[in-house]
Amino acid sequence: MIKIYSTLTRQLKEFKTIEPGVVKWYNCGPTVNGLMHLGHARSAIAFDTIRRYLEYRGYKVEYVMNFTDIEDRVIEVAKQEQRAVLEVAEEYLSYFRRDMASLNLKEATVHPRAMLHINQMIEFIEGLIEKGYAYESGGDVYFDVRKFEEYGKLSNQKIENILQEGTEDAENPKKRFPADFALWKEKKEGEPYWFSPWGDGRVGWSIECSQMSMMYLGDTLDIHSGGQDLIFPHHENEIAQSEALTGKPFAKYWLHNGYVNIDKEKMSKSLGNFVNIVDLLQHYSPDAVRLFVLQTHYRSPITFTEDAIDQAQITSDRLFDIVLLTKNYANDIKVDESFLSELDKDLLEKITKAREDFVKAMDEDFNTSNGFAVVFDYSREVNDYLRKAEQVNGAVISKADELFNEFRSIFGLYEDFNSYLSMELVEKLVKLLVEIRGEYRKEKNWGMSDKIRDELKAAGVSLEDNPKRVLWKLGEDKK
RNA sequence: GCGGAGUUAGCAAAGCGGCCAUGCGGGAGUCUGCAAAACUCUUGACGGGUGUUCAAAUCACCCACUCCGCUCCA
């Protein structure tokens, strides 16, 4: 049984989807006004892993993640750089997709973009006005939070305590109440705008998530997720809008990941203390970054230090060693041995046990930290076996490899094996063998030199001895 | 002010009442032509106090400190 923590109820509950076997999940994606930094990555990796785990546990996950491409901050960047908003959005969007791919983040089922859903959002707002939850005021449209009694339930705040007098936004005279939030904003000079029943303008920030999530997944989602910084006001507003419109619960489970801190401060755009993923990947492997993130439970804060990520890199490399070693043996099965030694039986038991322990750990609100503890214990056992067993049993080690594959697919680690088996490597190895064979030939050790040529040929590399040099090529000789 | 989260060994990080977390690092050993790896043992912790309990890192209360949200933010 999977237990899941929801910010709304602030406790662990059994995970039950509305439709059996299917998870409808909306993850709040980034605003594309800059490069992906570790804070974004932490969120994305955490939820990507939970998604992978749910899939591992047999769910079909419909995962929607938006890109906010029309928003104050994008417009601001466009102004500064004197470029079109669309152009800026396109550019950062492509960088985001690149960085997501390099971190081995799975593509969402749908990646909707706000700009392409403006008309539907206008309809959404019209619906709210009809129901009396929103009002037009001087070209703007606001959500009337006092009409929605449960406003504040997600962030656990009383309406009186929200937006005290004094802040600029609270004193906006167009509002009836300081905490009311904009659904539609009147156009400003030099900014993009759309036509609407209330005049030219553009949509407010939170409306896109409500509208797009409901459009792609239905009125009630199983999971809605994002960073803790979105709880208020963004998600609070989404709940208000959506539930006001449909009268149904908006999402069953609200998941929020902890921050990445640096120097005891939250890593964020506004503080300017962020580490970009592109830069980080200059020094650390994607696997190390994923491991770094996943060694901490998704709701806990992570403190970023160079030391910590160095440690993650070392750990990641060692884990990869044993994964690869196991795979090499598993690929090399010649005979399926039915005889099982004590060590074989022992390892088989440990494989079963490890899988059980792992599932138990992950079922408890996706405790990747404990999940990794199981993986590390397990990798030590496999390592031990590979070095101690008189003979490596192909059937047994294949089972071990299978479990490593399961772990890898859930954590999204070491998936690009091809990069380790490059043509470059083949070239180096063949050249080395040719060189060694050359020495044997000098010594007139024809036995060894022929053996190398024959074995290479069997492996698919043919050598051709010429007076000046040895040529080699891949593939069988033509007959 | 209001609302949350937290303080665990040298570092990172689980744990949510009793038994070994785990990773990195430190020490010793095994193996070994060299090198590397691996494995074994070991090192060590629960911010401070007072309670509750047969038993507390884990519950309650108090104190100290840190961070976060209430403003754009993953």
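Naming convention: chains lettered A, B, ... in sequence-line order (proteins, then strands); numbering from 1 in each chain. These numbers were taken from a predicted model, which means no experiment stands behind them.
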Legend entry - Dot-bracket summary - RNA chain B, pairs being Watson-Crick or G-U whose distances fall under 3.5 Å, with | when paired to another strand: ((((((((.[[[..)..(...]]]((((((.......))))))...[[[[[..)....]]]]])))))))....
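In this structure, A:Asp377 reaches the sugar-phosphate backbone alone: every heavy-atom distance under 4.0 Å involves primed, P, OP1 or OP2 atoms, never a base. Residue contacts for A:Ile231: at a heavy-atom cut-off of 4.0 Å it reaches no nucleic acid atom on any strand shown. Residue contacts for A:Ser155: at a heavy-atom cut-off of 4.0 Å it reaches the sugar-phosphate backbone alone, with no base atom in range. As judged by a 4.0 angstrom heavy-atom cut-off over every strand, A:Phe47 is placed among residues making no nucleic acid contact. Among the protein residues, A:Val375 comes within range of no part of the nucleic acid, since none of its heavy atoms lies under 4.0 Å from any strand. Contact annotation for A:Lys266: base contact, defined as any heavy-atom pair under 4.0 Å involving a base atom. Within 4.0 Å of A:Asp307, counting heavy atoms only, lie sugar-phosphate atoms of the nucleic acid but no base atom. Using a 4.0 Å heavy-atom criterion, one finds that A:Gly39 contacts the bases of the nucleic acid, with or without backbone contacts as well.
A:Asn156 has a side-chain polar atom (N or O) that falls below the 4.0 Å cut-off from OP1 or OP2 of B:rG4.
For A:Phe304 and A:His37, the distance between ring centers is not under 6.0 angstrom.
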Legend entry - Reading 5' to 3' through nucleotides 37-43 of chain B, protein heavy-atom contacts under 4.0 Å coded B for base, S for sugar-phosphate only, - for none: BSSS---
Inset, instruction - For nucleotides 12-20 of chain B, just jot down a letter per nucleotide in 5' to 3' order: B, S or -, based on protein non-hydrogen atoms under 4.0 Å. - result: -SSS-----
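Side chains of A:Asn383 and A:Arg380: no donor on one and acceptor on the other come within 3.5 Å. With no hydrogens or angles considered, no side-chain donor-acceptor pair links A:Lys266 and A:Asn273 at under 3.5 Å. Looking at A:His111 and A:Tyr63, their side chains never bring a donor and an acceptor atom within 3.5 Å of each other.
For A:Arg176 and A:Tyr135, the positive end sits near the middle of the six-membered ring, less than 6.0 Å away and at most 45° from its axis.
Place A:Glu265 and A:His40 on RNA chain B by their nearest nucleotides, and A:Glu265 ends up nearer the 5' end.
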